[in-house]
Amino acid sequence: MEVIIKSDKAEASKLGAKIIARLIRQNNKAVLGLATGSTPLQLYKQLVRMHQEEGLSFKDVTTFNLDEYVGLESDNPCSFYSEMHNNLFCHIDMAKGATHLPDGMAENIPDSCAAYEAAIAAAGGIDLQLLGIGHDGHLAFNEPGSSLASRTRLKTLSQKTIKANSRFFGSEDKVPRHVMTMGLSTIMAARQCILLAFGMDKAEAVRDMIEGPVSASCPGSILQFHERTIVLLDPEAASKLRRKQYYLDVYASKPAWQLWD
Ligand code: GLP
């Protein structure tokens, strides 16, 4: 893992957006894996800005989102479909049909999950997967205890995640109990991952993910086995890392050709 600690969330988000923009400029048919939650919002704002001001085009890009709630119509304001539409897709020039999310209204969930995996494969696999992390170390909706070999499937949310996500729904009992999520193995198959984490309340999960043992108890820790993962942090999220100074030293002494910004 490449651990980059920037001066704040805004700088980390800018760098994440730059890395994505660089990929799209190298490969206009890039396949992106996208995430929801509050963490990637500033990065999405940057991508929108680059589209409006710098001519960054998404017209040949394909996207696959990590997860979706089961039982919410796509036009429900709390669905991840709505979240992605409002925060990114409606502001950029993505082609119709090029954005994909698991279908939380599918009648046959296992078939729909298998079809999602097949669609990712048919698109040539994910070039770059954007990720956040839950307070308990979950990736997408792969709660602690998820199989490290998992693929897209139905999951039941933990009480902790229901509580954390109730801020979008107004109350805990309105949060759907079931979700469809890419599995940890689906995420690991992406050719590159960028994980963003900000704030003191993510510091423990970040420490366990980067420096803890690889374990289903901290699903994010599987990224220690990923060949090309960049973790972009603010100082608060990085505050519990034992090797924090080393990560700062590595970034400060990088040869110019290795720098991302
Ligand atoms: C949700 C999402 C994850 C996200 C996590 C953290 O459970 N399924 O993809 O990383 O929450 O969310 P936030 O970025 O709002 O802290």
Side-chain angles (χ1 to χ4, degrees), residues 8-10 12-13 16-17 32-46 63-72 76-84 86-88 100-102 104 113 116 126 128-146 150 152-170 172 174-184 186-188 190 193-210 218-223 226 229-234 236-238:
D8 58 26
K9 176 176 166 173
S13 302
L32 302 180
L34 298 178
T36 46
S38 28
T39 305
L41 291 180
Q42 286 200 24
L43 184 151
Y44 292 152
K45 277 205 172 121
Q46 283 297 324
T63 65
F64 289 91
N65 262 79
L66 286 168
D67 43 15
E68 180 58 284
Y69 293 105
V70 168
L72 291 193
N76 185 305
C78 293
S79 73
F80 286 161
Y81 179 94
S82 296
E83 196 176 317
M84 288 309 301
N86 296 336
N87 294 316
L88 185 64
H100 304 83
L101 283 96
C113 290
Y116 201 65
I126 292 173
L128 187 152
Q129 177 66 58
L130 186 64
L131 296 162
I133 189 164
H135 298 107
D136 53 5
H138 73 248
L139 290 189
F141 273 134
N142 293 282
E143 299 283 22
S146 290
S150 50
T152 304
R153 69 212 184 290
L154 179 82
K155 284 292 287 181
T156 305
L157 293 183
S158 70
Q159 208 46 52
K160 221 173 170 178
T161 304
I162 290 171
K163 192 164 187 241
N165 289 10
S166 64
R167 68 191 195 275
F168 301 110
F169 289 84
E172 284 183 31
K174 289 198 181 124
V175 183
R177 269 34 188 177
H178 290 119
V179 291
M180 281 158 81
T181 180
M182 277 190 206
L184 292 170
T186 320
I187 293 168
M188 287 295 284
C193 293
I194 297 183
L195 185 143
L196 307 175
F198 306 129
M200 205 52 214
D201 59 332
K202 296 287 173 77
E204 273 177 31
V206 164
R207 180 199 57 204
D208 294 349
M209 168 182 73
I210 298 173
C218 176
S221 65
I222 191 153
L223 292 171
H226 195 278
T229 288
I230 300 173
V231 182
L232 292 173
L233 304 172
D234 66 1
E236 290 77 23

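First listed ligand is number 1; within each ligand, the first listed atom is number 1.
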Query raised in the report: Is the closest heavy atom of H138 to ligand 1 under 4.0 Å?
Result: yes

Query raised in the report: Taking the side chain from Y116 and the backbone from H100, do they hold a donor-acceptor pair closer than 3.5 Å?
Result: yes

Query raised in the report: Does E172 use its side chain to pair, donor to acceptor, with the backbone of S166 at less than 3.5 Å?
Result: no

Report summary line: Note: M209 and L223 closest approach over all heavy atoms is SD-CD1, 4.4 Å

Query raised in the report: Does any N or O in the side chain of D8 come within less than 3.5 Å of the main-chain N or O of D234, such that one atom is a donor and the other an acceptor?
Result: no

Report task. Report the nearest protein non-hydrogen atom to atom 4 (C) of ligand 1: residue, atom name, distance rounded to 0.1 Å. Result -> T36 O, 4.1 Å

Query raised in the report: Hey, does A140 sit under 4.0 Å from ligand 1 if you only count heavy atoms?
Result: yes

Report summary line: Per-atom filter on ligand 1: closer than 4.0 angstrom to a heavy atom of F141 are 1 (C), 7 (O), 8 (N)

Query raised in the report: Taking L32 as the fixed residue, which of L130, I126, T63 is the one that meets the side-chain contact (heavy atoms from CB on, under 4.5 Å) rule?
Result: T63

**Report entry** T39 side chain to A197 backbone, donor-acceptor under 3.5 Å
**Finding:** no

Query raised in the report: Which one holds for N165 and ligand 1: side chain close, backbone close, both close, or neither close, with close meaning a heavy atom under 4.0 Å?
Result: side chain

Query raised in the report: Between F169 and Y69, is the ring centre distance below 6.0 Å?
Result: yes

Report summary line: One finds that the ligand 1 atoms under 4.0 Å from a non-hydrogen atom of G37 are 14 (O), 15 (O)

Query raised in the report: Relative to atom 6 (C) of ligand 1, which among L130, I133, T39, L131 owns the nearest non-hydrogen atom?
Result: I133

**Report entry** Heavy-atom nearest neighbour in the protein, as seen from atom 16 (O) of ligand 1, with distance rounded to 0.1 Å
**Finding:** K202 NZ, 2.6 Å

Query raised in the report: Is a donor on one side and an acceptor on the other found under 3.5 Å between the side chain of S13 and the backbone of Q42?
Result: no

Query - Which segment of D67 sits under 4.0 Å of ligand 1 when only heavy atoms are counted - result: side chain

Report task. Report yes or no: does E68 have a heavy atom closer than 4.0 Å to ligand 1? Result -> no

Report summary line: Nearest non-hydrogen protein atom to atom 10 (O) of ligand 1, with distance, is G132 C, 3.2 Å

